[in-house]
Amino acid sequence: MSSTPILLELDGSAQCRYAAEVCWSLAGTNGLIVNAQHVIDSLSAWDFLNFDIAGFIGSGPYFEAHEMMRSSLTRIGEELIEAYTGQAAGHDIGGESFLDEGTTIREICWRAKDHELVVIGQRSTGMGSPEEDKRRLPRRSIAETLTYYCPRPLLVVQDRCESFKRFKILLSTLRVPSALMTSCLDFARKMQLEPQIKVVLQSE
């Protein structure tokens, strides 16, 4: 068993289920363990409800609404952890489950430091019209934001996929942190795959 396991990000989407299946396949083939994490983003809920100065009504109803939302989010997180733990055990997959609370990106990055790979599911939106693309641009998904901040290799799963037969590292810049490249190469070696490195540079 690896001392540096895979970190799976849990949510209620079908893509998360596909990501879990990828993790279980990697674990079964390569003797890894899978830790699962769900983050209760109660801070975003508070940002939605919080006002610096009370207007027509006091802050009491907002505190109450925040606690109700936090309680509901916690319950959903606990159910996700319970469901995942049961199904992972059925696949004979070892690992721990974490229910964290805070800023989603910060909590994931904090956990990621002790893992070899972070795996997250994301729904594919496909290519839309220019107007649709503009509406999507201001808001990045969690997976997109993690590509900027995650300290470990990040695998984004959008659909069911077969077991890995090749390992290709695609670079859009030559300024790659050595620790990140080392992590990618170490993971390729652990999966017993020969890494291929391809550099795609954008011309002026």
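Residues take their numbers from the sequence shown, with the count starting at 1.
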Task: Heavy-atom check, side chain of Leu146 versus side chain of Cys109, under 4.5 Å - done: yes

Task: Arg152 side chain vs Val118 backbone, donor-acceptor pair below 3.5 Å - done: no

TODO: Might you point out which heavy atoms bring Ala27 and Ile93 nearest each other, and give the distance in Å?
DONE: CB-CD1, 3.9 Å

Open item on the list: So does Ala112 get a backbone contact from the side chain of Gln37, meaning a donor-acceptor N/O pair under 3.5 Å?
Closed with: no

TODO: Could you go through the side-chain contact (heavy atoms from CB on, under 4.5 Å) check for Leu99 and Ile40 one step at a time?
DONE: CA-CA 7 Å; Leu99 184 60; Ile40 303 167; 3.9 Å; yes

- [ ] Output the distance between atom NE2 (His115) and atom CD1 (Ile6), rounded to the nearest 0.5 Å.
- [x] 9.5 Å

Open item on the list: Counting C-beta onward and ignoring hydrogens, is there a side-chain heavy-atom pair between Ile142 and Val39 closer than 4.5 Å?
Closed with: no

Open item on the list: Main chain of Arg70, side chain of Thr74: is a donor-acceptor contact present, judged purely on distance under 3.5 Å?
Closed with: yes

Considering only distance and modelled atom types, tabulate donor-acceptor pairs under 3.5 Å from the side chains of residues 175-185, sequence neighbours left out.
from   : atom 1 : to     : atom 2 : distance (Å)
Thr182 : OG1    : Ser178 : O      : 2.8
Ser183 : OG     : Ala179 : O      : 3.0

TODO: For the pair Arg160 (side chain) and Tyr18 (backbone), establish whether a donor and an acceptor sit closer than 3.5 Å, ignoring hydrogens and angles.
DONE: no

Open item on the list: On a heavy-atom basis, which atom in Val34 and which in Cys23 lie closest, and how many Å separate them?
Closed with: CG2-O, 3.8 Å

- [ ] Specify the closest pair of heavy atoms between Gly94 and Ile33, including all atoms of both residues, with the distance to one decimal.
- [x] O-CB, 3.4 Å

Open item on the list: To the nearest 0.5 Å, what is the distance between CD on Glu194 and CZ on Phe167?
Closed with: 11.5 Å

Task: Under 3.5 Å: donor-acceptor pair, side chain of Ser71, backbone of Glu67 - done: no

TODO: Kindly indicate whether the side chain of Leu26, heavy atoms from C-beta on, has any atom under 4.5 Å from the side chain of Leu117.
DONE: yes

Task: Spacing of Leu7 atom CG and Cys150 atom SG [to the nearest 0.5 Å] - done: 8.0 Å

TODO: State the CD1-CD distance between Ile120 and Gln158, to the nearest 0.5 angstrom.
DONE: 11.0 Å

Open item on the list: Looking at every heavy atom in both Cys16 and Asp11, which two are closest together, and how far apart are they?
Closed with: CB-OD1, 3.1 Å

Open item on the list: What's the separation between atom CG in Leu10 and atom OH in Tyr84, rounded to the nearest 0.5 Å?
Closed with: 7.0 Å

Open item on the list: Within the 4.5 Å heavy-atom criterion, are Gln15 and Gln122 side-chain neighbours or not?
Closed with: no

Task: Validation row: Leu154, Thr147 side chains within 4.5 angstrom (heavy atoms) - done: yes

TODO: With rounding to the nearest 0.5 Å, note down the distance linking CD1 in Ile81 to CD1 in Ile76.
DONE: 13.0 Å

Open item on the list: Can you give me the closest heavy-atom contact between Gly77 and His38, atom names plus distance?
Closed with: CA-CD2, 3.4 Å

TODO: Any chance you could pull the hydrophobic cluster mates of Trp110, using side-chain heavy atoms under 4.5 angstrom and chaining through other members?
DONE: none

Open item on the list: For a quick test of reading the model, state the closest non-hydrogen atom pair linking Tyr148 to Glu144 and the distance between them.
Closed with: CD1-O, 3.4 Å

Open item on the list: Is there a side-chain contact between Arg189 and Asp186 in this structure, where contact means two heavy atoms from C-beta onward sitting under 4.5 Å apart?
Closed with: yes

